[in-house]
Amino acid sequence: MDETRRDRDTEGRAHNARPRDGLGRPLPYGSPGVERQPEGVVRSPQETVREAQRLLDAGMPFHAHEVFEDAWKSGPVAERELWRGLAQLAVGLTHAARGNVTGGARLLRRGAAALTEFMEGSDVLESVESRDSADGGAPAHGIDVGALTGWARELAGRVEGPGAEPVDAAAEAPRLRGGSR
């Protein structure tokens with residue numbers, strides 16, 4: 001690749017073709033990297049949660065964020081804040097694993113704040129529950145919003161602590177639907 005030219009996709013849009021590591025960091029051209037998540041994939045909420053959990057468990061929160069971002073961009077307006085908040089949690093974990101404590105803590109808290117409107121008793125959750133009940137789904141698609149917000153705030157506090165080291169993304173991966181790992 002001539003590094004003076006910009007990478008382009010098949011439609012001519014700028015698109016970085018450098019390989020990436022498991023935390024989404026660009027590697028030098030020609031280096032082996034991990035397969036990137038395809039962009040713009042429309043999945044059901046259940047498929048989104050399942051794929052994101054698989055990536056989180058594999059220590060690939062950056063890639064999980066891309067799955068949530070697809071849901072955020074393609075999902076119903078009433079759910080966009082849910083998917084955006086989940087994407088922010090995944091990026092916060094990415095930054096914490098990369099050693100960026102300020103960015104990690106900030107995004108973990110921002111994502112947790114975005115999810116609070118989907119906790120029990122909120123008007124937004126009630127509208128999602130009504131629609132989900134009609135199509136056989138669970139409130140907030142079965143995502144344990146309370147546990148996730150608690151996890152995010154606790155991790156944010158830990159990564160900002162004195163002498164904190166980068167975290168192990170796989171070991172710190174949250175359970176989206178609760179339960180044990």
Side-chain angles (χ1 to χ4, degrees), residues 3 7 15-37 39 48-73 79-122 124-125 140-181:
E3 294 189 35
D7 297 333
H15 182 79
N16 192 325
R18 286 174 57 184
R20 304 268 174 170
D21 71 6
L23 292 174
R25 292 175 289 216
L27 299 170
Y29 287 102
S31 299
V34 299
E35 190 172 333
R36 295 172 82 159
Q37 282 299 115
E39 294 179 28
T48 296
V49 172
R50 194 170 29 255
E51 178 65 3
Q53 187 68 68
R54 181 187 73 76
L55 292 163
L56 289 166
D57 291 345
M60 298 171 61
F62 179 81
H63 297 79
H65 126 271
E66 292 177 333
V67 170
F68 289 134
E69 193 172 86
D70 285 341
W72 160 20
K73 291 177 178 178
E79 294 179 19
R80 288 199 180 144
E81 200 65 11
L82 171 70
W83 301 117
R84 185 175 71 84
L86 291 167
Q88 288 172 327
L89 293 183
V91 173
L93 177 56
T94 300
H95 283 290
R98 290 176 177 175
N100 175 359
V101 297
T102 302
R106 184 173 292 140
L107 281 161
L108 287 163
R109 288 191 179 103
R110 190 179 301 156
L115 293 178
T116 58
E117 68 183 69
F118 292 90
M119 293 177 78
E120 291 297 324
S122 77
V124 173
L125 180 60
H141 307 295
I143 297 167
D144 191 344
V145 174
L148 279 175
T149 57
W151 165 85
R153 290 181 177 122
E154 186 274 331
L155 182 57
R158 255 192 307 128
V159 301
E160 287 180 319
E165 296 287 325
V167 301
D168 178 326
E172 295 291 345
R175 299 302 305 161
L176 299 173
R177 290 198 165 129
S180 59
R181 289 173 115 324

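In this text the structure is predicted, and so the values were computed from the model without any measurement. Start at 1 with the first residue, then count along the sequence. For the numbers below, each heavy atom of this structure counts, side chains included, while hydrogens, waters and symmetry mates do not.
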Practice problem: Tell me, please, which residues at least two apart from F62 pass ring-ring contact (aromatic ring centres under 6.0 Å, His included). | Solution: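 Once residues adjacent in sequence are excluded, the partners of F62 under the ring-ring contact (aromatic ring centres under 6.0 Å, His included) criterion are H65.
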Would you say [X]'s side chain and [Y]'s backbone share a donor-acceptor pair under 3.5 angstrom?
| X | Y | value |
| --- | --- | --- |
| R110 | Q88 | no |
| R177 | I143 | no |
| R18 | L27 | yes |
| Q53 | L176 | yes |

Side-chain heavy-atom pair [X], [Y] within 4.5 angstrom cut-off:
| X | Y | value |
| --- | --- | --- |
| T116 | M119 | yes |
| F118 | E81 | yes |
| L86 | W72 | no |
| E172 | L93 | yes |
| L115 | L82 | yes |

Practice problem: Report the C-alpha distance between Q37 and D70 in whole Å, list the side-chain angles of each, state the deciding distance to 0.1 Å, and finish with yes or no for side-chain contact (heavy atoms from CB on, under 4.5 Å). | Solution: CA-CA 10 Å; Q37 282 299 115; D70 285 341; over 6 Å; no
Exercise. Hey, could you give me each pair passing ring-ring contact (aromatic ring centres under 6.0 Å, His included) that has a residue in residues 83-112? Not counting sequence neighbours.
Key: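 Of all non-adjacent pairs touching residues 83-112, those that pass ring-ring contact (aromatic ring centres under 6.0 Å, His included) are W83-H141.
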Exercise. State which residue, out of T149, L148, L56, T94, fulfils the side chain to side chain contact (heavy atoms under 4.5 Å, CB included) condition with L89.
Key: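 So the option named by the test is L148.
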Self-check item: Interatomic spacing from CD in E69 to OG1 in T48 - rounded to 0.5 Å
Solution: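 Between atom CD of E69 and atom OG1 of T48 there are 12.5 Å.
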